[in-house]
Asks: 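Attaching a single structure in structure tokens format; questions to follow.
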Amino acid sequence: MTASVLVRPATADDVAGLVELERLCFDDPWSEGSVAGELAAPDRHVRIALGQDGDAVLGWSSTQVVADTADLLRVAVHPGARRGGIGRVLVDELLRTAATAGAERVLLEVAAGNTAAQVLYAGTGFREIHRRRAYYADGGDALVMERVLS
Ligand SMILES: CC(C)(COP(=O)(O)OP(=O)(O)OC[C@H]1O[C@@H](n2cnc3c(N)ncnc32)[C@H](O)[C@@H]1OP(=O)(O)O)[C@@H](O)C(=O)NCCC(=O)NCCS
């Protein structure tokens, strides 16, 4: 299913909505300061996904582009809106944005136990290039994945 969703660059006015989304999506959500920092950093490309009413915050992503390499720092979809294609819309959008900004590849780290994210990434052309053992505080491994941009 393709999601009915509006994706646009996030602004400082979106911080409160994104902080609430973080709280719903992660055990270790980013703080208001961290989210605001993403929006302020000049090398970041932050996108927000909104419902058709333009109000409900359904997802977001933040990507850093430095020279020829982009890093996907965050992607999350509201728990009530998952499996509707929004994650894929956000990843496709950031791939376009990274390429436009001059990146030749996109890197990310994902918990080895995060099947949903890994399947999403594999379906958008990422492949595992490395495993960082005991990378997370709980002792879990991280997979490093790469998407080459053509
Ligand atoms: C990972 C996440 C962003 C996916 O968002 P989403 O909007 O549900 O993803 P989509 O609906 O676009 O799914 C695209 C594909 O990914 C795969 N996928 C998504 N969720 C899945 C799940 N729970 N189990 C298996 N595959 C899954 C499927 O192949 C899916 O396509 P399909 O629904 O046609 O089968 C979402 O689960 C999320 O926010 N998780 C919590 C935050 C997080 O872990 N972020 C990533 C940190 S690295």
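The structure presented is a predicted model; accordingly, all values stated were derived computationally and were not measured. Ligands are counted one by one from 1 in listed order, and the atoms in each one are counted from 1 as well.
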Asks: Flag the pair L95 / V91 as yes when at least one side-chain heavy-atom distance between them is below 4.5 Å, and no otherwise.
Replies: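 Yes; the side chains approach each other to less than 4.5 Å.
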
Asks: Side chain, backbone, both or neither: which part of W60 comes within less than 4.0 Å of ligand 1 when only heavy atoms are counted?
Replies: neither

Asks: Answer yes or no: is there a donor N or O on one side and an acceptor on the other, between the side chain of Q118 and the main chain of A111, under 3.5 Å?
Replies: yes

Asks: Going by salt bridge (Lys or Arg N to Asp or Glu O under 4.0 Å), name the pairs with one or both residues in residues 106-120, residues two or more places apart or in two chains.
Replies: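 Non-adjacent pairs meeting salt bridge (Lys or Arg N to Asp or Glu O under 4.0 Å): E109-R132.
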
Asks: Would you say the side chain of D68 lies within less than 4.5 Å of the side chain of R105, judging by non-hydrogen atoms?
Replies: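 The answer is no, as the side chains (C-beta and beyond) never meet within the 4.5 Å cut-off.
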
Asks: Should V75 be counted as touching ligand 1, given the test is an N or O pair under 3.5 Å?
Replies: yes

Asks: Side chains of residues 121-130: which donor-acceptor pairs under 3.5 Å do they make with residues two or more places apart or in other chains?
Replies:
residue, atom, partner, partner atom, Å
T124, OG1, L120, O, 3.0
T124, OG1, Y121, O, 3.1
R127, NH2, E146, OE1, 3.4

Asks: Is there a polar contact, in the sense of an N or O pair closer than 3.5 Å, between F26 and ligand 1?
Replies: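 Looking only at distances, the answer is no, because the N/O contact criterion of under 3.5 Å is not met.
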
Asks: Is there a heavy atom of T115 sitting under 4.0 angstrom from any atom of ligand 1?
Replies: no

Asks: Please report the shortest heavy-atom distance between P29 and R74, naming the atom on each side.
Replies: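 Between these two residues, the closest heavy atoms are CA-NH2, 4.1 Å.
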
Asks: Can you list the ligand 1 atoms lying under 4.0 Å from a non-hydrogen atom of L120?
Replies: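 Per the distance check, 4 (C), 14 (C), 16 (O), 17 (C).
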
Asks: Using distance alone, determine whether G87 and ligand 1 share an N or O pair under 3.5 Å.
Replies: yes

Asks: Just going by heavy-atom distances, which of R83, H78, R82 is nearest to atom 25 (C) of ligand 1?
Replies: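 It is R83 whose heavy atom sits nearest to atom 25 (C) of ligand 1.
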
Asks: For T11, is there any backbone N or O sitting under 3.5 Å from a side-chain donor or acceptor partner on D14?
Replies: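 Yes, the answer is positive, given that a donor and an acceptor are paired below the 3.5 Å cut-off.
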
Asks: May I ask you to check whether S34 and S31 show a side-chain donor-acceptor distance below 3.5 Å?
Replies: yes

Asks: Y121 to ligand 1: N or O pair under 3.5 Å?
Replies: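 Not met; the criterion fails.
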
Asks: Could a heavy atom of G84 be found less than 4.0 Å from some atom of ligand 1?
Replies: yes

Asks: Please report whether ligand 1 has a polar contact with V77, defined as an N or O pair separated by less than 3.5 Å (distance criterion only).
Replies: yes

Asks: Is G85 close to ligand 1, meaning an N/O of one under 3.5 Å from an N/O of the other?
Replies: yes

Asks: Could you tell me whether R88 and ligand 1 have an N or O pair separated by under 3.5 Å?
Replies: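 Yes: some nitrogen or oxygen of R88 is under 3.5 Å from one in ligand 1.
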
Asks: Which ligand 1 atoms does A117 reach within 4.0 Å, using its non-hydrogen atoms?
Replies: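 Under 4.0 Å from A117, ligand 1 has these atoms: 1 (C), 46 (C).
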
Asks: From D71 CG over to L107 CG, what is the distance, rounded to the nearest 0.5 angstrom?
Replies: 5.5 Å

